Amino acid sequence: MNLLIVEDEIRFLQNLLHMPWEEHDIEVVGSANNGAEALAQIQMKQPDIILMDIQMPEMDGLSLASQVARAYSNTKIIILSGHDNFSYAQTAVELGVYKYLLKPAAEMDILQAVTDAARCIQAELMERTRQLMMQEQWTQYLPVLHQHTIRNLAYGRYQIEELEASCVSLGLHIDMESRYAVIVLDVDEYVCSSNEDGMTLDNLVHVIRDILPTPDFYVCTEEDKTIIVIGNTGALEHTPQQMLGIHVAMEKLIRNIKQCLGIVVSAGISGGSGKIDELLPLYIQAKKALQNRVVYGTGIAIPYDEPLQAEFNNRPDYEHEDKQLEMALETMDQELAMRMISNMCEAAKNNSASYEIMMEQLMYIVGVLTLFIRKRGWSVQDVTGADFDFLSNVQSLTTPEHMYDVLHRAVRSIITYAESHDRKVTHTTVQAIIELLEAEQDQEFTLHTIADRFYVNASYLSRLFKQEIGMSFTSYVLERKMERARTALMNGARVYDAAAMIGYRDVSYFTKIFRKYWGVTPSSVKK
């Protein structure tokens with residue numbers, strides 16, 4: 001700490017200057033013989049502590065203390081006075097003088113007073129720094145606290161009394177008497193790839209706040225990266241007309257975001273409005289309304305409609321599509337597989353499906369794909385790769401486009417995986433058997449007839465074939481015959497001809513086996 005000594009008695013001044021200040025981390029930056037000279041030194045050196053006499057020529061100590069108190073409020077003043085005068089001491093206290101010592105003061109008392117003043121200055125500096133840091137943190141986190149409060153409003157976590165107190169402390173201006181609607185926004189796609197890299201969720205929130213009129217709308221984010229908007233309907237009672245302004249504002253917001261930012265956004269709007277402490281049901285409605293972008297498409301504001309109880313006979317009938325999808329995968333027909341998936345999804349939409357029915361249909365399709373993969377002993381995660389997370393949580397597929405993209409990639413992944421994991425046969429005997437079976441599919445072979453033809457015993461051949469192929473001889477023969485028959489039927493062959501080309505002379509028996517294997521009749525595949 002820096003010390004300035006002001007004393008008009010030269011001898012006493014010299015004694016003060018030669019005290020062991022360095023031992024106490026005090027640096028004497030100057031001295032003066034009178035008040036005027038001291039004031040010039042103070043202006044130039046700006047000492048932390050001033051040790052001075054009270055009676056000096058040109059300007060007395062109290063006058064100097066008064067000027068220092070006005071101009072340098074953080075400077076500590078210690079007065080050495082030869083006058084035990086109460087009025088002097090009282091004036092010194094009023095001026096904020098740190099210590100009032102009477103001459104002749106002992107050296108230890110003077111040292112103690114100065115070091116105490118130094119510690120006091122340090123403590124005050126640390127406290128000011130702490131307060132400045134707290135103020136900076138408060139300023140920095142105030143927007144976060146605002147968002148936290150708005151989020152908890154939507155979640156219904158406030159009583160009106162604590163809400164009023166919280167809004168006052170945070171500087172949030174919310175009309176407690178108005179009614180409010182809840183909107184949930186989510187990004188569907190980035191039309192411009194550059195925006196996907198540069199536009200963060202916080203940036204989008206700032207843009208939304210700028211577009212929406214204030215203070216009628218309050219905006220915050222959620223952990224799932226959706227955005228909550230609480231909108232003042234400007235009404236004291238609920239009427240259908242009060243929501244019109246909310247709908248208009250959301251349509252304009254969605255349009256502006258797409259035009260200016262190249263981002264497609266959808267909004268779910270609550271079916272009505274409520275008091276500021278009654279928003280949880282409205283938030284739930286808005287979330288459910290947003291889910292229906294799977295049904296209606298993206299880039300629109302969707303109001304909440306009370307769901308009707310779906311009757312059983314209104315649910316779509318998928319009949320043979322699932323088996324045909326499985327057959328398309330068996331024959332690696334990607335185009336047919338996607339057509340079957342499209343048919344199944346369109347069947348749900350054409351029956352005025354709700355979000356729940358669309359999700360049920362999606363789970364059904366994913367189930368068919370998963371079963372196909374697992375039946376072959378493959379890992380679903382290995383086959384589908386990055387899409388595994390979507391397939392294991394179908395509710396993450398929030399738009400029709402996203403749903404079709406993931407299903408299309410899954411089909412392509414399955415076919416690609418199947419092509420790269422064809423059975424690798426290394427044993428020459430098994431290779432010869434497979435070539436024979438492919439060349440003579442119109443013949444009826446059994447394990448024993450093949451064993452006799454290749455001069456091995458049936459038990460050995462059974463073990464060898466399963467080890468090389470991964471399935472029994474009988475299952476392999478049936479699979480190849482059924483796949484060939486299905487391909488022939490889809491290419492226009494008659495049921496009788498399809499049966500004959502794989503060695504079935506009895507059409508009724510062929511129909512029975514085909515239906516048991518594929519789950520549909522040969523005639524339905526032909527259609």
Side-chain angles (χ1 to χ4, degrees), residues 312-313 315-348 351 360-378 407 410-411 414-415 418 423 434 437-450 462 465-466 469-527:
F312 180 79
N313 57 9
R315 290 181 176 271
D317 181 13
Y318 312 124
E319 197 166 355
H320 304 308
E321 281 88 346
D322 58 338
K323 290 298 179 182
Q324 290 180 333
L325 172 59
E326 187 176 353
M327 284 190 287
L329 295 173
E330 290 277 4
T331 57
M332 301 189 198
D333 191 334
Q334 181 174 322
E335 182 180 349
L336 177 62
M338 284 311 301
R339 188 162 68 246
M340 292 300 102
I341 288 174
S342 297
N343 290 345
M344 296 166 80
C345 292
E346 289 301 319
N351 281 267
E360 179 182 310
Q361 177 56 35
L362 184 56
M363 291 171 64
Y364 190 82
I365 295 171
V366 171
V368 173
L369 301 180
T370 302
L371 183 61
F372 178 86
I373 295 170
R374 294 298 299 158
K375 281 173 65 176
R376 277 141 192 82
W378 302 333
L407 292 177
V411 168
I414 290 171
I415 292 174
R423 303 178 181 95
I434 289 175
L437 294 174
E438 292 297 321
E440 302 182 22
Q441 284 196 25
D442 59 340
Q443 301 299 313
E444 187 173 345
F445 292 111
T446 66
L447 179 65
H448 289 278
T449 59
I450 292 294
S462 175
F465 196 91
K466 188 166 186 178
I469 299 300
M471 64 174 67
S472 68
F473 175 84
T474 304
S475 297
Y476 178 81
V477 171
L478 179 62
E479 179 187 272
R480 298 302 301 140
K481 285 179 177 289
M482 290 299 103
E483 287 177 355
R484 185 179 182 188
R486 180 259 178 198
T487 301
L489 289 167
M490 294 190 69
N491 289 332
R494 295 179 299 176
V495 175
Y496 177 83
D497 294 331
M501 70 174 57
I502 61 171
Y504 286 86
R505 305 291 177 256
D506 186 339
V507 175
S508 298
Y509 181 67
F510 166 72
T511 300
K512 178 181 178 182
I513 297 298
F514 190 94
R515 183 168 188 171
K516 182 177 180 181
Y517 187 87
W518 289 114
V520 294
T521 63
S523 57
S524 66
V525 174
K526 188 175 185 305
K527 291 177 183 178

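Quantities reported herein were computed from a predicted structural model and do not represent experimental measurements.
- Every residue two or more places apart in sequence or in another chain that forms a side chain to side chain contact (heavy atoms under 4.5 Å, CB included) with Met501 is listed here: Arg484, Ala488.
- When the side chain to side chain donor-acceptor pair (under 3.5 Å) test is applied to Thr449, the partners found at least two apart in sequence or on another chain are Thr446.
- Closest approach of Lys481 to Ile502, counting heavy atoms only: NZ-O, 2.6 Å.
- With sequence neighbours left out, Asp442 forms a side chain to side chain donor-acceptor pair (under 3.5 Å) with no residue at all.
- At distances below 3.5 Å, at least one donor-acceptor pair connects side-chain atoms of Ser342 with backbone N or O atoms of Met338.
- Scanning all heavy atoms of the two residues, the minimum distance from Asp506 to Ser508 falls at OD1-N, 3.0 Å.
- When all heavy atoms are compared, the tightest approach of Val495 to Leu489 is CA-CD2, 3.9 Å.
- Shown here are the side chain to side chain contact (heavy atoms under 4.5 Å, CB included) partners of Leu371, two or more places apart in sequence or in another chain: Lys375.
- Distance check: Leu407 CG to Ile365 CD1 gives 5.5 Å after rounding to the nearest 0.5 Å.
- Arg515 contributes atom CZ, which lies 13.5 Å from atom CZ of Phe510 (distance to the nearest 0.5 angstrom).
- Residues satisfying the side chain to side chain donor-acceptor pair (under 3.5 Å) criterion with Ser475, sequence neighbours excluded, are Ser472.
- Thr370 is listed as a side-chain neighbour of Val366, based on a closest heavy-atom distance under 4.5 Å.
- Counting heavy atoms from C-beta on, the side chains of Glu479 and Tyr517 come closer than 4.5 Å.
- With sequence neighbours left out, the side chain to side chain contact (heavy atoms under 4.5 Å, CB included) criterion links Glu438 to Ile434, Gln441, Tyr476, Arg480.
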Full working for side chain to side chain contact (heavy atoms under 4.5 Å, CB included) between Ile341 and Val368
CA-CA 10 Å; Ile341 288 174; Val368 173; over 6 Å; no
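- Asp497 places no side-chain N or O within 3.5 Å of a backbone atom of Ala493 that could act as its donor or acceptor partner.
- By the 6.0 Å contact criterion, CD on Gln443 is enclosed, its count of non-hydrogen atoms from other residues, nucleotides or ligands being greater than 12.
- Taking OG1 of Thr474 as the reference point, atom NZ of Lys466 lies at 10.5 Å (rounded to 0.5 Å).
- Using a 4.5 Å heavy-atom cutoff, the side chains of Val477 and Leu447 are not in contact.
- Listed here is the closest heavy atom pair of Met482 and Trp518: O-NE1, 3.4 Å.
- In terms of heavy atoms, Leu336 sits closest to Arg486 at CD2-NH2, 2.6 Å.
- Smallest separation of non-hydrogen atoms from Phe514 and Val520: CD2-O, 3.4 Å.
- Using cut-offs of 30° and 60° on the angle between ring planes, the pair Phe465 and Phe473 is perpendicular.
- Counting heavy atoms from C-beta on, the side chains of Phe445 and Leu437 come closer than 4.5 Å.
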